[in-house]
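Working notes for the structure below.
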Amino acid sequence: MNRKQLITAFLKFLPEEAILYEAEDLRPYECDALSAYRQMPMIVVLPRTEAEIAAILQICHAGQVPVVARGSGTGLSGGALPHAEGVLLSLAKLNRILDIDPAACTARVQPGVRNLAISEAAASYEMYYAPDPSSQIACSIGGNVAENSGGVHCLKYGLTVHNILRLRVLTIEGDVLEIGADALDSPGFDLLALMTGSEGMLGIVTEITVKLLPKPETVKLVMAVFDDISKAGDAVANVIQAGIIPAGMEMMDKITIHAVEDFVHAGYDLEGAAILLCESDGMAEEVADEIKQIQTILQASGAVRISLARDEAERQLFWAGRKAAFPAAGRVSPDYYCMDGTIPRKHLAHVLEQIEQLSAEYGLRCMNVFHAGDGNLHPLILYDANQLGELEKAEAFGARILEICIQSGGSLTGEHGVGIEKLNQMCLQFNDAERDLFHAVKAAFDPQSLLNPGKAIPELHRCAEFGAMHVHRGAEKFPDIPRF
């Protein structure tokens, strides 16, 4: 179906303002937060109900039109990059909290609800939703499900997949699937885990039941300063090795500390080579004991200064600095390329040293800020897209970081997904048989590959081409996608 035919079909059940097709209306949807890659969609639709989404999918399925779902557009892997000949399906208008059940400790929400809005709505019950990505003020819960997002407290409380119970999903044919259960387990294959992190390639999520937690009685935050980033990396491993699982454990290097402090004025020590934030929550006595143990371990690991947040206001300020790392990067560099890889904690110090060496090799600064407790790295490579060749250097730098993560026994993503950004590195992480299995799962849900095609799982021929390119180190990633 062409654009005119789609518009005619959609106007039968959508208001005119819910169908966008003029260039100036499409422009805001041409990329997600990975803005280096842009593609105008053929058409954007903004449904308000599940029934409207089902009708859109039925039309697209019948006309063999690709569909890309979009939440708030805060994704960092190009997962919501539109298809040039497809429909961009925005879920922004499905933004209602349908029900909060304090007795069951659950909330039932639509996909367009902001992450932070769930905790705000549950606050009157002294409850909250645990996963807290840095973009939680803006990111949608549907997008969190698509990418299996985490956040600064995912070390203790887990990723999105550990904090949801049920999903209501529409297939490409517009049929409804009820996945998961209100109970702690459900019979059959674990389709809830399969759907979480599937990047909109298997179905369109229209409703999510999330778990709520009671607010802890006491929360304390320790900030440790190190004169060497390797010592800070070793300290992380030492804390976990001692059997302590902090509520959150985050690290920032010197360049990040300076950028953040200038932006937020969080009270960070500008003399340190690295800062480690380590939080404990629970009953007052339990927290007091755990904080004491943590301070002892950090001191023995080489911390030059350790401070305990004096009150809740200072604790929030310390965290505000960490969560502002990405916008702070935007103040010190025209552009930045945010990577997302995961490594075993024991390799933190070594991998950080390698990233520093790569920074010198490529002549690009790199801000290291990450979920240290679970080894989820977020190097921010700083570059200027207006300087010829710098984007390509940043891409090559980022690819090398991901390869180091894989070589260290880790993964090429922790919470940002694969999207288009990491397709080549998927060829290194998984072999042909494994990728064939991924394609078979995709085909079971979407035989014509109409849902978010070209994302997350590389075709075999792409991996063959990448193998040749990788040996000679000479290729531009995604040559068919316009650069900004």
Query - Derivation of the side-chain contact (heavy atoms from CB on, under 4.5 Å) call for H371 and E250 - result: CA-CA 5 Å; H371 308 312; E250 301 286 310; 2.7 Å; yes
**Report entry** Beyond-backbone contact of L213 with M127, side-chain heavy atoms, under 4.5 angstrom
**Finding:** no
Query raised in the report: Between Y128 and Y157, how do the two ring planes meet: parallel, tilted or perpendicular, split at 30° and 60°?
Result: perpendicular
With a cut-off of 3.5 Å and sequence neighbours excluded, list every side-chain donor-acceptor pair involving residues 107-117.
{"unit_1": "R108", "atom_1": "NH1", "unit_2": "E207", "atom_2": "OE2", "d": "3.3"}
{"unit_1": "Q110", "atom_1": "OE1", "unit_2": "N95", "atom_2": "N", "d": "3.2"}
{"unit_1": "Q110", "atom_1": "OE1", "unit_2": "R96", "atom_2": "N", "d": "3.0"}
{"unit_1": "R114", "atom_1": "NH1", "unit_2": "I137", "atom_2": "O", "d": "2.9"}
{"unit_1": "N115", "atom_1": "OD1", "unit_2": "Q136", "atom_2": "NE2", "d": "3.1"}
{"unit_1": "N115", "atom_1": "ND2", "unit_2": "P131", "atom_2": "O", "d": "3.1"}
{"unit_1": "N115", "atom_1": "ND2", "unit_2": "N144", "atom_2": "OD1", "d": "3.0"}

Requested in this report: List for me each residue that meets side-chain hydrogen bond (donor to acceptor under 3.5 Å, both in side chains) alongside D432, sequence neighbours excluded, and say none if there are none.
Outcome: R435
Side-chain atoms of residues 56-68: list all donor-acceptor pairs with protein atoms under 3.5 Å, sequence neighbours left out, distances to 0.1 Å.
{"unit_1": "Q64", "atom_1": "NE2", "unit_2": "H61", "atom_2": "O", "d": "2.9"}

Report task. Begin from the C-alpha positions of V332 and I255 and carry the test side-chain contact (heavy atoms from CB on, under 4.5 Å) through to its verdict. Result -> CA-CA 10 Å; V332 299; I255 184 174; 6.0 Å; no
**Report entry** Backbone of C31 reached by a side-chain donor or acceptor of R70 within 3.5 Å
**Finding:** yes
Query raised in the report: Using 4.0 Å as the upper bound for N to carboxylate O, is an ion pair formed by K156 and E279?
Result: no
Query - Distance (rounded to the nearest 0.5 Å) between R365 CZ and L380 CG - result: 11.5 Å
Query - Closest non-hydrogen atom pair, I381 against L364 - result: CG2-CD1, 4.0 Å
Query - side-chain contact (heavy atoms from CB on, under 4.5 Å) against D101, all qualifying residues, sequence neighbours excluded - result: D99, A103, A104, T106
Report task. State, with a plain yes or no, whether a side-chain heavy atom of L76 is found less than 4.5 Å away from one of F326. Result -> yes
**Report entry** Test item: Q354 and V351 side chains (from C-beta on) under 4.5 Å apart, heavy atoms
**Finding:** yes
Query raised in the report: Any sub-3.5 Å donor-acceptor pair from S72's side-chain atoms to A138's backbone N or O?
Result: yes
Requested in this report: Check whether any side-chain heavy atom of L202 sits under 4.5 Å from a side-chain heavy atom of V169, and report yes or no.
Outcome: no
Report task. Show your reasoning for whether side-chain contact (heavy atoms from CB on, under 4.5 Å) applies to V210 and T160. Result -> CA-CA 9 Å; V210 305; T160 300; over 6 Å; no
**Report entry** Side-chain donor/acceptor of N148 to backbone N/O of V161, under 3.5 Å
**Finding:** yes
Query raised in the report: Between S449 and D446, is any side-chain donor less than 3.5 angstrom from a side-chain acceptor?
Result: no
Report summary line: Of all heavy-atom pairs linking Q39 and A84, the shortest is NE2-CB, 3.3 Å
Query raised in the report: Will you find, in the side chains of E147 and S149, an N or O donor that is under 3.5 Å from an N or O acceptor?
Result: no
Report task. Quick one: pull up CE in M367 and OH in Y336 and give me the separation to the nearest 0.5 Å. Result -> 9.0 Å
**Report entry** Backbone of G373 reached by a side-chain donor or acceptor of R345 within 3.5 Å
**Finding:** yes
**Report entry** Note: K455-E199 ion pair, threshold 4.0 Å (strictly below)
**Finding:** no
Query raised in the report: Do the non-hydrogen side-chain atoms of P453 and Q448 ever get within less than 4.5 Å of each other?
Result: no
Query raised in the report: How long is the span from the CG atom in L412 to the CG atom in L428, to the nearest 0.5 Å?
Result: 8.5 Å
Query raised in the report: Quick one: CG on L451 to NZ on K442, what's the gap to the nearest 0.5 Å?
Result: 5.0 Å
Requested in this report: Work out which heavy atom in F397 is nearest to a heavy atom in I355; give both atom names and the distance.
Outcome: CZ-O, 3.8 Å
**Report entry** CD/E24: more than 12 non-hydrogen atoms of other groups inside 6.0 Å
**Finding:** yes
Query - Salt bridge flag under 4.0 Å for residues E465 and R462 - result: no
Query raised in the report: Are side-chain heavy atoms of M251 and L352 found at a separation under 4.5 Å?
Result: yes
Query raised in the report: Any donor-acceptor pair under 3.5 Å linking the side chain of S408 with the backbone of I404?
Result: yes
Query raised in the report: Got C405 and L377 here, is their nearest side-chain heavy-atom distance under 4.5 Å?
Result: yes
Report task. Could you tell me which non-hydrogen atom of S77 sits nearest to which non-hydrogen atom of L34, and how far apart they are? Result -> C-CD2, 3.6 Å
Query raised in the report: Between N376 and G341, which heavy-atom pair has the shortest distance, and what is it?
Result: ND2-O, 3.2 Å
Query raised in the report: Under the 3.5 angstrom rule, does the side chain of T171 hit a backbone N or O of G203 as a donor-acceptor pair?
Result: no
Query raised in the report: Where the side chain of N163 meets the backbone of K211, is there a donor-acceptor pair that is under 3.5 Å apart?
Result: no
Query raised in the report: Heavy-atom distance under 4.5 Å between the side chains of L167 and L191, does that happen here?
Result: no
Query raised in the report: Under the ring-ring contact (aromatic ring centres under 6.0 Å, His included) rule, what pairs show up with a residue in residues 407-452, not counting sequence neighbours?
Result: H378-H416, F430-F438
Report summary line: Residue pairs passing the side-chain hydrogen bond (donor to acceptor under 3.5 Å, both in side chains) test with at least one member in residues 44-55, sequence neighbours excluded, are R48-E52, E50-R168, E50-T206
Report task. Without swapping roles, check the side chain of D281 against the backbone of P216 for a donor-acceptor pair under 3.5 Å. Result -> no
Requested in this report: State whether the number of non-hydrogen atoms from other residues, nucleotides or ligands found under 6.0 Å of E85 atom CD is greater than 12.
Outcome: no
Requested in this report: Taking S119 for its side chain and Y129 for its backbone only, find out whether a donor-acceptor pair lies under 3.5 Å.
Outcome: yes
Requested in this report: Starting at CD1 of I179, measure out to CD1 of I208 and round the result to the nearest 0.5 Å.
Outcome: 11.5 Å
Query raised in the report: Any sub-3.5 Å donor-acceptor pair from S198's side-chain atoms to M201's backbone N or O?
Result: no
Query raised in the report: How many angstroms lie between CD in E421 and CG in L423, if you round to the nearest 0.5 Å?
Result: 9.5 Å
**Report entry** Nearest atoms (heavy-atom pairs only) where V260 meets A325
**Finding:** CG2-CA, 3.8 Å
Query raised in the report: Hey, mind stepping through K422 and Q429 against side-chain contact (heavy atoms from CB on, under 4.5 Å) and telling me if it holds?
Result: CA-CA 10 Å; K422 304 182 181 77; Q429 180 93 60; over 6 Å; no
